[in-house]
Amino acid sequence: MMKNTIAFFATHKVAANLLMVLMVLVGIWAAKNLNTQVNPTIEFSYVQIMVEWPGASAEDVERQLARPIEYALHGMDHLITIDSISHQGYLSLMLKFNRETQIGAALDEVKTRVSTIRNLPEYAKSPEIRQYVFKEPIASILVTGRGDAQDLISIVREMEADLLSRGIEDIEFNGLPKREMAIQLDANSIYELGLSLDQLAGQIAPQITTIPGGKIGLGDTEKMLRSPNKNHTAMEYEGLPIRTVYEDNLSRLQDFATIELRPIKNQVEVRNQGHAAIEMQLKRNPNSDTLVSARILKEWLKKIRPELPDGVNLRVYKEYWLYVSEQISTILYNGFIGLVLLMVTLMIFLNVRVAWWVALGIPVSFAAALYGLQLAGGSINVTSLLAFILALGVVVDDAIVVSEHAVAKFNDGLSAHEAVLSGANTMAYPVLASSLTTIAAFSPILMIGGPLGQLVTTIPIVMICVIIASLVECFLVLPHHLKSSLLAVKDDDEGRFRKWFDHEFDRFRNNVFKPILHMSLNNRSITLSITAALFLASISLVAGGRVNLDFTFGFSPEYLHMNMRFAQNTSDSDKKKFMDRVEAMLVETNEEFGGNMMILHVIRDKQASFNRELEEGVLFSSIEVELHPPSERSDEVSNKQFLTSWKGKLQVPAFVVDLQTEIMGGIGGGIPPITFLVKGKELDQVK
């Protein structure tokens with residue numbers, strides 16, 4: 001069966017060429033439809049719970065929120081761990097389920113269990129429960145203006161609507177002022193009403209909250225229907241009807257109350273070079289394309305910049321998509337260099353025409369493998385591209401052994417057709433066996449579960465797709481092209497270089513290689529001993545630390561963090577003066593190192609990160625500095641040198657009780673090499 005199939009394609013020119021064209025076309029189609037991203041898409045079997053409790057300490061959140069919720073969730077099927085982090089003012093829980101879990105059903109059960117808890121604090125908000133979905137960042141936009149952040153609200157909201165309508169899937173804000181409707185009554189008004197504040201709130205709340213209208217959909221697509229809330233302005237609140245205890249007719253809220261829409265106190269404030277700012281963080285869903293989102297952003301920036309009001313500026317930073325593009329370009333460039341070197345090597349050892357068809361099999365096989373990757377739900381990412389480079393050798397090995405055998409038979413006097421069939425049929429079973437062993441070696445990786453498994457399974461998927469495509473190309477497409485090449489060179493005279501190279505290579509093979517080979521075969525114990533010694537030496541290089549193991553993936557923008565915690569009685573003016581001093585020393589340090597170290601810096605008042613845990617409140621401030629990649633700096637200055645110089649210029653006053661700095665980003669996304677987790681039954685014991 002196999003011999004007949006090979007003979008058919010070797011004889012029929014149209015069949016071989018049509019199959020090759022088909023492999024290329026499906027590959028082009030797959031390349032256009034595959035997503036481009038940093039790492040493979042990872043679907044987490046996680047459920048996230050967020051609960052806000054304004055004004056509560058982290059200890060109270062842990063005791064009165066975390067413990068009751070954790071207790072209600074214990075004993076769930078397929079639940080592996082519950083990780084809870086108690087912050088000042090809110091609680092975050094992450095529930096990890098095993099990979100066989102139907103996450104939709106688990107989400108419904110979590111909602112049911114949490115809804116049965118009756119002893120949560122009165123002023124804690126309703127828990128937000130959702131499936132955790134990692135959204136990869138695209139870029140961040142800093143919108144600055146001459147006034148305060150309130151003046152930028154309408155502008156950034158218009159920008160948000162425009163970006164969402166163009167295809168950006170998620171936008172998060174930092175520094176966007178939140179506002180509240182304040183209804184203020186004096187003592188006389190309360191007396192005239194004859195109502196307590198709780199009774200008054202009971203009449204107002206039903207008129208301003210949304211009304212549930214049932215559910216629509218099933219499982220993960222289930223949505224809650226609610227009536228729209230139209231009361232958003234002070235004027236609309238003024239007209240709300242209120243019934244007092246002293247009269248039957250209705251009064252209006254404006255008759256006895258002062259109503260004001262005002263900013264909420266002690267919010268996070270963002271500044272850049274003395275100007276108020278709002279951060280917009282653009283993110284994409286797991287199944288969308290990073291480069292497509294980046295193209296949407298670039299087109300939007302071209303449109304919006306000329307239309308900005310006077311005094312309003314846009315700065316784009318943390319452009320993660322650039323790192324995706326750069327990594328893909330680097331890998332493609334390295335792959336192209338490898339292909340060129342491979343082509344040169346083949347031309348040296350084989351006939352030029354034969355080498356051409358062997359090399360052409362690489363892109364043809366890769367194109368068909370892209371289609372297989374598309375069917376498997378993969379994407380174009382750093383891991384899959386590295387796997388394609390690893391597969392280069394597999395594709396070439398199959399074609400080389402078939403081509404070399406065919407050329408040898410042709411030189412021995414067989415016709416081109418007979419030589420090609422001999423080469424393909426003779427090597428069919430050895431190549432097939434070799435391919436199956438390679439597939440068997442990579443297949444166990446497919447059984448790795450969890451997020452790590454989803455990350456590394458791209459490699460065996462690509463390898464298996466390439467091997468199958470290579471077998472098809474090697475035995476169904478290549479034979480006919482080899483026959484045409486051998487027919488074309490039958491009467492050609494060999495060039496001077498070819499005669500010289502073949503003569504020298506034969507001399508090397510006969511005078512050097514063969515004696516060493518015979519010696520190895522005749523002295524098996526010595527050969528095995530040398531092999532074992534080399535194997536042990538390679539193990540010792542790893543065990544002794546000469547060759548390090550590093551399982552980091554990906555890159556991210558490099559930036560510095562400086563976080564401050566102030567004393568309780570520190571005034572706002574002292575905080576601002578110190579942060580202005582920190583900013584001035586940052587600019588001075590940047591100038592000392594050539595002025596091209598940093599891209600952008602952002603000051604965040606009332607927000608800081610200590611030991612990678614976000615803190616918010618009047619006692620905190622921070623400054624974040626995005627740095628240029630090392631390749632774009634004129635001087636070889638490390639991030640640590642820059643940070644040390646900047647920090648050394650600061651005179652830290654007594655009201656700064658804690659100042660921490662850290663270097664983020666770079667290789668592996670800045671993930672720390674070692675993380676300690678201290679566990680205990682009681683919080684005081686752990687402290």
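Side chains are part of it too, since the values below use all heavy atoms of this structure and drop only hydrogens, waters and symmetry mates.
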Query raised in the report: In terms of side-chain geometry, is the basic nitrogen of Lys283 or Glu169 positioned less than 4.0 Å from the acidic oxygen of its partner?
Result: no

Query raised in the report: So, are Lys318 and Glu624 salt-bridged, with charged N and O less than 4.0 Å apart?
Result: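 Counted as a salt bridge, because a side-chain N and a carboxylate O are separated by less than 4.0 Å.
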
For [Y], is there any backbone N or O sitting under 3.5 Å from a side-chain donor or acceptor partner on [X]?
{"X": "Ser622", "Y": "Gln607", "result": "yes"}
{"X": "Ser470", "Y": "Val466", "result": "no"}
{"X": "Gln267", "Y": "Lys178", "result": "yes"}
{"X": "Arg63", "Y": "Ala58", "result": "no"}
{"X": "Thr112", "Y": "Asp108", "result": "yes"}

Requested in this report: Report yes or no: is the cationic atom of Arg157 (NZ for Lys, CZ for Arg) under 6.0 Å from the centre of the six-membered ring of Phe173, at an angle within 45° of the ring normal?
Outcome: yes

**Report entry** salt bridge (charged side-chain N to carboxylate O under 4.0 Å, His left out) partners of Glu109, counting only residues at least two apart
**Finding:**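 By the salt bridge (charged side-chain N to carboxylate O under 4.0 Å, His left out) rule, Glu109 matches Arg113.
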
Sub-4.5 Å side-chain heavy-atom contact between [X] and [Y]:
{"X": "Gln131", "Y": "Tyr46", "result": "no"}
{"X": "Asn563", "Y": "Glu662", "result": "yes"}
{"X": "Pro127", "Y": "Leu93", "result": "no"}
{"X": "Ile153", "Y": "Pro177", "result": "yes"}
{"X": "Leu120", "Y": "Val51", "result": "no"}

Query - Passing candidate, side-chain contact (heavy atoms from CB on, under 4.5 Å) with Ser384, options Leu370, Leu34, Ile461, Thr458 - result: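 Of the listed options, the one satisfying the test is Thr458.
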
Query raised in the report: If you measure only the distance, is there a donor-acceptor pair under 3.5 Å linking the side chains of Asn639 and Glu558?
Result: yes

Which atom pair, heavy atoms only, marks the closest approach of [X] to [Y]?
{"X": "Ile278", "Y": "Gly175", "answer": "CG1-O, 3.7 Å"}
{"X": "Ser86", "Y": "Ala66", "answer": "OG-CB, 4.0 Å"}
{"X": "Arg604", "Y": "Val270", "answer": "CG-CG2, 4.3 Å"}

Requested in this report: Measure from the ring center of Phe388 to the ring center of Phe366 and say whether it is less than 6.0 Å.
Outcome: yes

Query raised in the report: Rounded to the nearest 0.5 Å, what separation is found between the CZ atom of Arg284 and the CD1 atom of Ile138?
Result: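 One gets 7.5 Å once the value is rounded to the nearest 0.5 Å.
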
